[in-house]
Amino acid sequence: VLWMMTWPVMVCFSHLLSIMDYPLISMKHKMAAPICTQIMYHVVRCRVGALQLLQGEWPGDGEGGPPALGVAFFAYLLLVDHMEQSYLPMIIRKDYLLHVVLTHFKTLLQRSESRVMSKGLALLNATLVPAHSLNSNVLDDPRYVETTELLCRVMVNCPHKTLRERSMKMLLDFINLFDAPGRYKLYRLAWLF
């Protein structure tokens, strides 16, 4: 679907997602909600597949694509605020969705604004799978290890106590997603941090 878009539609779509970039993402929910609702309405009407967008599939060489922070906020609105959730495929494996969202979680948590980091933690929480359901083989993907490191970094370095506490809880929940060898590896990584 994404590759069949005409150039003007791609530019319009990219612009809509760039509006979701900073400062809209760091606004209070009451102020941003009406704007986000309108943007999500128009994004959906561009007929771009949500899953393709979340996976980072953009035609061409990547130039002119949507901004990473805009796509991360799009994922937040879709999965946490449930805006236009009918836009997602009806059948999607929760572990695959977690895998796809880790990139956007990283984008949000690398920012220093507390509201943006809070949105990142909420996004990760919305995509968690049942405990002990992930095989340790998925840890070969560096995104899982980076997620653990980011959660540790927030837990240690963030000046906001509530975000540190949420990050610690998310770290424990995230590690518990894995089987015993995976938990061991991530606990060692967290301990060494």
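This one's a predicted model, so the numbers in the text were calculated from it and none came from an experiment.
Of the possible polar contacts, none joining the Asn125 side chain to the Leu121 backbone as a donor-acceptor pair under 3.5 Å is found.
For the atom pair CZ (Arg188) and OG1 (Thr148), the distance works out to 13.5 Å, reported to the nearest 0.5 Å. The CG atom of Asn176 sits 11.5 Å away from atom CG of Asp179, with the distance rounded to the nearest 0.5 Å. From Leu177, atom CG reaches atom CG of Asn135 across 13.0 Å, with rounding to the nearest 0.5 Å. Distance CG/Leu151 to CG/Leu109: 6.5 Å, rounded to 0.5 Å.
Annotation: side chain of Lys169 is not in contact with side chain of Glu165 (no heavy-atom distance under 4.5 Å). Counting heavy atoms from C-beta outward, Leu163 and Ser114 have side chains that approach closer than 4.5 Å. Using a 4.5 Å heavy-atom threshold, the side chains of Arg183 and His132 count as touching. Counting heavy atoms from C-beta outward, His99 and Val138 have side chains that stay 4.5 Å or more apart. Inter-residue side-chain proximity for Leu97 and Val129 is flagged as unmet; no heavy-atom pair is nearer than 4.5 Å. Side-chain contact check for Asp141 versus Leu102: every heavy-atom pair is 4.5 Å or farther apart.
Grouping the Ile, Leu, Val, Met, Phe, Trp and Tyr side chains by contacts below 4.5 angstrom, directly or via other members, places Phe174 apart from Tyr184. Cluster membership check: Leu172 shares its hydrophobic cluster with Leu128, using side-chain heavy-atom separations under 4.5 Å among Ile, Leu, Val, Met, Phe, Trp and Tyr.
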Extract all donor-acceptor atom pairs below 3.5 Å that involve side chains of residues 76-83 and protein atoms in other chains or at least two apart in sequence.
{"residue": "His82", "atom": "ND1", "partner": "Gln85", "partner atom": "OE1", "Å": "2.9"}
{"residue": "His82", "atom": "NE2", "partner": "Val80", "partner atom": "O", "Å": "3.4"}

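Taking every heavy atom of both residues into account, Phe105 and Leu123 meet most closely at N-CD2, 4.1 Å. Considering every non-hydrogen atom in both Ser136 and Pro181, the closest pair reads OG-CB, 3.8 Å. Between Arg166 and Ser118 the shortest heavy-atom distance is NH1-OG, 2.7 Å. The two residues Cys158 and Met117 make their nearest non-hydrogen contact at SG-CE, 3.9 Å. The two residues Val116 and Leu108 have their closest heavy-atom pair at CG1-O, 3.5 Å.
Using cut-offs of 30° and 60° on the angle between ring planes, the pair Phe178 and Tyr144 is perpendicular.
Results of the side chain to side chain contact (heavy atoms under 4.5 Å, CB included) test with Val101 over Leu124, Thr127, Thr147 single out Thr127 as the only residue that passes.
The pair Glu113-Arg111 counts as a salt bridge, with a side-chain nitrogen and a carboxylate oxygen less than 4.0 angstrom apart.
The number of heavy-atom neighbours closer than 6.0 Å to NZ of Lys94, taken from other residues, nucleotides and ligands shown, is above 12.
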